Amino acid sequence: MNLADYRRAAGAWLRDNAPSDDHPEADGIARAKDFMAKLYDAGYSGITWPERWGGQGLTQAEERAFAEAARDYTLPTYVFMIGLGMTGPTLVDRGTDAQRERFVRPLLRGEEIWCQLFSEPGAGSDVASLQTRAERDGDHWIVNGQKVWTSVAHHADWGLLLARTDVDVPKHKGLTMFVVDMHHPGVTVRPLKDMSGRANFNEIFFDNVPVPDEHRVGEVNDGWSVAVTTLLHERLSISAGVGMGGQKDNPASVEALRRVVDTDDPLVRDELVELHIRTRALALFNQRLAQETRAGIFPGARGSAAKLLLAELTQFEADLATRLVGPEAMLAGHPLARAISTAPGMALGGGTNEIMRNIVGDRVLGLPPEPRVDKTVPFKDLKVGTQA
């Protein structure tokens, strides 16, 4: 099937199957899972993922064609974003065949929801300072600790957990990655409300939670390299959220702003053109990174550049919306209010802008790295985070 036919077929399927209204959250999760199952069965979930593990085995061109067909719909896929963009690709890249066989297809079909368990109260941008412990007990690991700012954990069935397994080595060298059952006794999830009034984030407590060694991802104490894989996918996934500028579900897009501002004013039109240029430039950069990834070219730290650009674009959108519409744009119920109130979070999630600039400067531009005094110090000798 050529791309034009593929796009038309995707558009026809979406017209018949895409939800047309909002539902309460509890009902919304059931509807989202039902939609993902239909999406998968129709061949539109995991479009570029390997066929062996349940994907469609197609190219980036088909994925873009579907995105173009879907731009006018608000698809109920938010709750699956961590699995599709971060944990699933990590399992495909670094998991065992048994892990891929068990987890990837149910993830793509929406049967199971995933979260990513990295950040802690004392380990955000410096996630390698985390203190959640996993101690070996025969063929299991016993996990104790706390994670925070975890998206969709209150709905998650599984989580990708980074834990400390050795305190006698420097902080980056004593970490291991695990898949953890979020419904297991000893796992407590507490939603956190943000300033928008929503509870998309959570804090999670682990109290003697057993994890089988077969759910370990990668080698013992090699979790940081697995985490780098996850973080790369996270930054590419977050930055690719800009997608095709003007998507229906972007409340501060050019198209959304055109509906609420005076487009007869040439200065306003200039501002909207600037927003379009920034949006389109980032979309093209993301396309290039995605194409390179599919071709086996590792984007590396340039994924951090894409994430930084999106964070700056999101803030530009929010500032522009406030400037053009006025203070009323921030009032509850205004179509732009949520985009404005959630914009600052984009400069934090997936690594702060400052961290992204350090990564780009060091690993892309070749600038001298910031001095570090903890690179060779055993973790047990560091005073980090909430550690006394």
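Keep in mind that this is a model prediction, so the values were computed, not measured.
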Colleague: Kindly indicate whether the side chain of Val169, heavy atoms from C-beta on, has any atom under 4.5 Å from the side chain of Asn221.
Modeller: no
Colleague: May I ask you to establish whether Arg7 and Phe66 are in a cation-pi arrangement, using a distance under 6.0 Å from NZ or CZ to the six-membered ring centre and at most 45° from the ring axis?
Modeller: no
Colleague: Should Glu274 and Arg278 count as an ion pair when the cut-off is N to O under 4.0 Å?
Modeller: yes
Colleague: State, yes or no, whether a side-chain contact exists between Gln116 and Thr90 at a heavy-atom distance under 4.5 Å.
Modeller: no
Colleague: Using a strict cut-off of less than 4.0 Å between a Lys/Arg side-chain nitrogen and an Asp/Glu carboxylate oxygen, indicate whether Asp97 and Arg100 qualify as a salt bridge.
Modeller: yes
Colleague: Taking the inter-plane angle between the rings of Tyr6 and Tyr44 on a 0 to 90° scale, is it parallel (under 30°), tilted (30 to 60°) or perpendicular (over 60°)?
Modeller: perpendicular
Colleague: Are Phe206 and Trp114 grouped together when hydrophobic residues (ILVMFWY) are joined by side-chain heavy atoms under 4.5 angstrom apart?
Modeller: no
Colleague: Check Arg102 with Glu112, please: is the shortest side-chain N to carboxylate O separation under 4.0 Å?
Modeller: yes
Colleague: Is there a side-chain contact (heavy atoms from CB on, under 4.5 Å) between Lys147 and Ser119? Walk through the geometry before answering.
Modeller: CA-CA 6 Å; Lys147 298 292 180 176; Ser119 295; over 6 Å; no
Colleague: Could you tell me if the side chain of Trp49 sits less than 4.5 Å from the side chain of Val92, heavy atoms only?
Modeller: yes
Colleague: Side-chain contact test, heavy atoms from C-beta onward, threshold under 4.5 Å: evaluate it for Leu107 versus Trp158 and give yes or no.
Modeller: no
Colleague: Run the salt bridge (Lys or Arg N to Asp or Glu O under 4.0 Å) check on Asp41 and Lys38 step by step: do they pass?
Modeller: CA-CA 5 Å; Asp41 292 344; Lys38 292 179 180 177; over 6 Å; no
Colleague: For atom CE of Met330, decide whether the heavy atoms of other residues, nucleotides or ligands shown that lie under 6.0 angstrom number more than 12.
Modeller: no
Colleague: Under a 3.5 Å distance rule, please check whether Arg109 uses its side chain to pair with a backbone N or O of Gly54 as donor and acceptor.
Modeller: no
Colleague: Please determine whether a side-chain nitrogen of the Lys or Arg among Asp213 and Arg136 lies less than 4.0 Å from a carboxylate oxygen of the Asp or Glu.
Modeller: yes
Colleague: Quick check: does any side chain N or O of Asn144 sit under 3.5 Å from a backbone N or O of Arg133, one acting as donor and the other as acceptor?
Modeller: no
Colleague: Would Ser225 and Arg94 count as a side-chain hydrogen bond (donor to acceptor under 3.5 Å, both in side chains) here? Give the steps.
Modeller: CA-CA 10 Å; Ser225 74; Arg94 303 296 299 269; 3.1 Å; yes
Colleague: For atom CD of Glu101, is the number of surrounding heavy atoms from other residues, nucleotides or ligands below 6.0 Å larger than 12?
Modeller: no
Colleague: So Val179 and Val217, do their side chains get closer than 4.5 Å, heavy atoms only?
Modeller: yes
Colleague: Evaluate side-chain contact (heavy atoms from CB on, under 4.5 Å) for Thr176 paired with Glu219, printing each intermediate quantity in order.
Modeller: CA-CA 7 Å; Thr176 305; Glu219 299 300 322; over 6 Å; no
Colleague: Pairing donors with acceptors under 3.5 angstrom, does anything connect the side chains of Tyr73 and Arg15?
Modeller: no
Colleague: Trp53 and Leu58: same hydrophobic cluster, using ILVMFWY side-chain contacts below 4.5 Å?
Modeller: yes
Colleague: Would you tell me whether Asp319 and Gln315 have side-chain atoms, one donor and one acceptor, within less than 3.5 Å of each other?
Modeller: yes
Colleague: Using 4.0 Å as the upper bound for N to carboxylate O, is an ion pair formed by Arg323 and Glu271?
Modeller: yes
Colleague: Please test Trp13 against Leu39 for side-chain contact (heavy atoms from CB on, under 4.5 Å), starting from the C-alpha separation and ending with a verdict.
Modeller: CA-CA 9 Å; Trp13 186 89; Leu39 192 72; 3.5 Å; yes
Colleague: Are Lys33 and Glu111 close enough for a salt bridge, meaning some N to O gap below 4.0 Å?
Modeller: no
Colleague: Treating Arg164 as the side-chain partner and Leu130 as the backbone partner, does any N or O pair qualify as donor plus acceptor under 3.5 Å?
Modeller: yes
Colleague: Does the Lys173 side chain pair with the main chain of Asp166, one donor and one acceptor, at a distance under 3.5 Å?
Modeller: no
Colleague: Please determine if Asp265 and Arg269 form a salt bridge, counting it only when a charged side-chain N lies under 4.0 Å from a carboxylate O.
Modeller: no
Colleague: Below 4.5 Å, heavy atoms only, C-beta onward: do Lys380 and Asp168 meet side chain to side chain?
Modeller: yes
Colleague: Could you please spell out the steps behind the side-chain contact (heavy atoms from CB on, under 4.5 Å) verdict for Leu108 and Phe80?
Modeller: CA-CA 9 Å; Leu108 288 175; Phe80 305 107; over 6 Å; no
Colleague: Do Trp149 and Asn202 come close enough that some side-chain heavy atom pair is under 4.5 Å?
Modeller: no
Colleague: Indicate yes or no: at least one non-hydrogen side-chain atom of Leu257 is less than 4.5 angstrom from one of Leu336.
Modeller: yes
Colleague: Looking at Asp374 and Lys171, is there a salt bridge between them, counting it only when a charged N and a carboxylate O are closer than 4.0 Å?
Modeller: yes
Colleague: For the side chain of Glu312 and the backbone of Leu309, is there at least one donor-acceptor N/O pair under 3.5 Å apart?
Modeller: no
Colleague: Using distance alone, with no hydrogens and no angle criterion, decide if Glu317 and Thr314 have a side-chain donor and acceptor under 3.5 Å apart.
Modeller: no
Colleague: Hey, do the aromatic rings of His215 and Phe103 have their centres closer than 6.0 Å?
Modeller: yes
Colleague: Apply the test side-chain hydrogen bond (donor to acceptor under 3.5 Å, both in side chains) to residues Glu120 and Gln146: give CA-CA distance (whole Å), side-chain angles for both, the deciding distance (0.1 Å), then the verdict.
Modeller: CA-CA 6 Å; Glu120 297 185 4; Gln146 178 187 2; over 6 Å; no
